Amino acid sequence: MSKRNPEYDFAWCPGCGDFGVRRALQVALENYSIEHEEPQANNIVVAGIGCSGNMVHLVEGDQPFGLHGIHGRTLPISLGVKMGNPELNTVVVAGDGDFLSIGGEHIGPAANRNLDVTAVVMDNGVYGLTKGQSSPTTDYGAVTVSTPLGKIENPISPLRHYMSIGVTYIASYYSSKPRVLAKLIQEAMNHRGFSIVHVQSPCTTYNDTYDILKGKPKEGIKGLAYDIPEDHDPTSVQAANELLEQPGIPLGVIFKYEGKALQDRHQELQSKAPNKTNQQLLDSYLLKA
Ligand SMILES: Cc1ncc(C[n+]2csc(CCOP(=O)(O)OP(=O)(O)O)c2C)c(N)n1
Ligand code: SF4
Ligand SMILES: [Mg+2]
């Protein structure tokens, strides 16, 4: 239920990981605004379609701008936002289906441009909103409503994928510790270039992975999630790749590289562009006989 938009009246299921991600995003937005002494309206949340995308209606407190786009197109929309107003701190919120399936082909171009946005990807290994179909991160053999005899494809590894296509800030976390997640999201917002915070955010209705992630420490059962060792060097491509060869879900910053962001590239082009009046520009388009 949204206090902000009572007419947009729906609920996430009890225990949904997206609640934790919302808390983290709110804290990150608030702290980012305080850090930069900017109003909350200098932030914009661009959402895809999914339970995860509904986040844009549910953020409470001081309001950023919100743009609920279409399924899979958060990155092209955020590119448009940055072209219109490069100063806006632009945060994409999307699900594993939205970002990696229908929207998957946009990640490479955003990485090549080093588009200055932060994507918070809520990975629950399923299409939650449309009631439980398999997604690119669903395990091989998993039985879902769209794979009644077991999923035929292998799951993709989003973190390795981001590394291989040159995303310049990659963090991985889970929804259960929102304060720590908030710090990662804020660090990602401060990164100049394309940053992705990939969050394991369990779907309690269709794919409840809390125990798999966290284990059952009291019973001595280890979970898949583990803290990245303190001596990991996130500025090293080799160290990041080696980390991603390990089994399990690493928690923390995997990789970061300070390079030219899209804005820097634009400024360089602009400095080379000939200074023309509007009339000269129009004349240059006329076909000459
Ligand atoms: C172009 C288009 N194709 C398909 C859909 C139907 N659809 C809506 S949400 C969704 C998948 C949602 O899964 P995910 O992105 O993982 O988000 P979640 O609900 O799990 O958070 C699909 C297939 C749509 N809205 N638009
Ligand atoms: S269906 Fe899953 S992802 Fe959607 S609100 Fe419910 S628990 Fe969350
Ligand atoms: Mg999903």
Side-chain angles (χ1 to χ4, degrees), residues 8 10 12 16-18 21-22 25 44-59 64-84 88 90-139 142 144-147 151-170 172 175 185 188 193-203 206-207 262:
Y8 198 85
F10 67 90
W12 279 327
C16 176
D18 295 354
V21 184
R22 174 178 72 168
L25 180 62
I44 179 165
V45 176
V46 177
I49 306 295
C51 298
S52 40
N54 285 338
M55 175 80 75
V56 68
H57 301 281
L58 297 172
V59 171
F65 280 103
L67 208 163
H68 204 169
I70 48 176
H71 194 42
R73 309 296 172 226
T74 51
L75 290 175
I77 292 170
S78 64
L79 172 63
V81 167
K82 290 303 276 192
M83 293 295 93
L88 280 180
T90 304
V91 184
V92 157
V93 290
D96 46 321
D98 192 294
F99 201 71
L100 296 163
S101 186
I102 186 172
E105 78 269 33
H106 298 300
I107 308 172
N112 295 342
R113 297 174 178 128
N114 208 9
L115 173 64
D116 195 6
V117 308
T118 297
V120 177
V121 182
M122 280 155 271
D123 185 354
N124 51 17
V126 76
Y127 290 180
L129 188 74
T130 45
K131 299 194 181 298
Q133 298 84 0
S134 72
S135 85
T137 55
T138 306
D139 287 339
T144 72
V145 291
S146 59
T147 57
K151 189 183 167 201
I152 201 166
E153 300 97 359
N154 290 332
I156 73 157
S157 164
L159 301 172
R160 284 189 210 150
H161 181 53
Y162 304 150
M163 255 326 272
S164 69
I165 57 178
V167 177
T168 53
Y169 178 101
I170 304 167
S172 160
S175 58
I185 297 175
F194 190 27
S195 54
I196 300 181
V197 182
H198 194 91
V199 188
Q200 300 297 321
S201 181
C203 169
Y206 299 109
N207 190 26
L262 180 59

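Predicted model, so just to flag it, every value in this text is computed and none were measured. Below, all heavy atoms of this structure are taken into account, side chains as well, without hydrogens, waters or symmetry copies.
At least one side-chain heavy atom of Val59 sits less than 4.5 Å from a side-chain heavy atom of Leu25. Contact annotation: the side chain of Ser175 approaches that of Pro202 to within less than 4.5 Å [non-hydrogen atoms, C-beta and beyond]. Inter-residue side-chain proximity for Thr74 and Phe99 is flagged as met; some heavy-atom pair is nearer than 4.5 Å. Between Val46 and Val93, every side-chain heavy-atom pair lies at or beyond the 4.5 Å cut-off. You'll find the side chain of Ile196 reaches within 4.5 Å of the side chain of Phe194, heavy atoms only. Residues Val145 and Tyr206 fail the side-chain proximity criterion, which asks for heavy atoms closer than 4.5 Å. Between Ser134 and Tyr127 the shortest side-chain heavy-atom distance does not fall below 4.5 Å. In this structure the side chain of Val117 never reaches within 4.5 angstrom of the side chain of Val91, judged on heavy atoms.
Legend: residues meeting ring pair (Phe, Tyr, Trp, His ring centres under 6.0 Å) with Tyr162, ordered by chain and number and at least two apart, are His198. When the side chain to side chain donor-acceptor pair (under 3.5 Å) test is applied to Thr118, the partners found at least two apart in sequence or on another chain are Ser195. Every residue two or more places apart in sequence or in another chain that forms a side chain to side chain donor-acceptor pair (under 3.5 Å) with His71 is listed here: Asp98. Residues satisfying the side chain to side chain donor-acceptor pair (under 3.5 Å) test with Ser201, not counting sequence neighbours, are Asp18. For Asn124, the side chain to side chain contact (heavy atoms under 4.5 Å, CB included) partners are Asp96, Val126, Cys203, not counting sequence neighbours. Qualifying side chain to side chain contact (heavy atoms under 4.5 Å, CB included) partners for Ser164, counting only residues two or more places apart in sequence or in other chains: His161. Thr147 is linked by a side chain to side chain donor-acceptor pair (under 3.5 Å) to Thr144, counting only residues two or more places apart in sequence or in another chain. Under the rule for a salt bridge (Lys or Arg N to Asp or Glu O under 4.0 Å), the partners of Arg73 that lie at least two apart in sequence or sit in another chain are Glu105.
Closest approach of Leu75 to Ile107, counting heavy atoms only: CD1-CA, 3.8 Å. In terms of heavy-atom proximity, Val45 sits nearest to Pro64 at CG2-CG, 4.0 Å. Shortest non-hydrogen contact noted between Pro136 and Gly97 is CD-CA, 4.3 Å. The two residues Tyr169 and Ala188 have their closest heavy-atom pair at CE2-CB, 3.7 Å.
Counting only residues at least two apart or on different chains, no salt bridge (charged side-chain N to carboxylate O under 4.0 Å, His left out) pair has a member in residues 107-119. Counting only residues at least two apart or on different chains, no salt bridge (charged side-chain N to carboxylate O under 4.0 Å, His left out) pair has a member in residues 49-59.
Checking side-chain atoms of Lys151 against main-chain N and O of Ser135 turns up a donor-acceptor pair under 3.5 Å. For Lys82 (side chain) and Leu88 (main-chain N/O), a donor-acceptor pair under 3.5 Å exists by modelled atom type.
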Given the rule in the side chain to side chain contact (heavy atoms under 4.5 Å, CB included) test, do Leu262 and Asn114 qualify, once you have shown the distances and angles that lead to the verdict?
-> CA-CA 5 Å; Leu262 180 59; Asn114 208 9; 5.7 Å; no

Please walk me through it: do Thr138 and Gln133 pass side chain to side chain contact (heavy atoms under 4.5 Å, CB included)?
-> CA-CA 9 Å; Thr138 306; Gln133 298 84 0; over 6 Å; no

For the pair His68 and Ile49, evaluate side chain to side chain contact (heavy atoms under 4.5 Å, CB included) and give the outcome as yes or no after the intermediate values.
-> CA-CA 8 Å; His68 204 169; Ile49 306 295; 3.7 Å; yes

Output side-chain donor-acceptor pairs under 3.5 Å for residues 152-160, partner residues at least two apart or in another chain, one line each.
from: Ser157; atom 1: OG; to: Arg160; atom 2: N; distance (Å): 3.4
from: Arg160; atom 1: NE; to: Leu244; atom 2: O; distance (Å): 3.1
from: Arg160; atom 1: NH2; to: Leu244; atom 2: O; distance (Å): 3.2

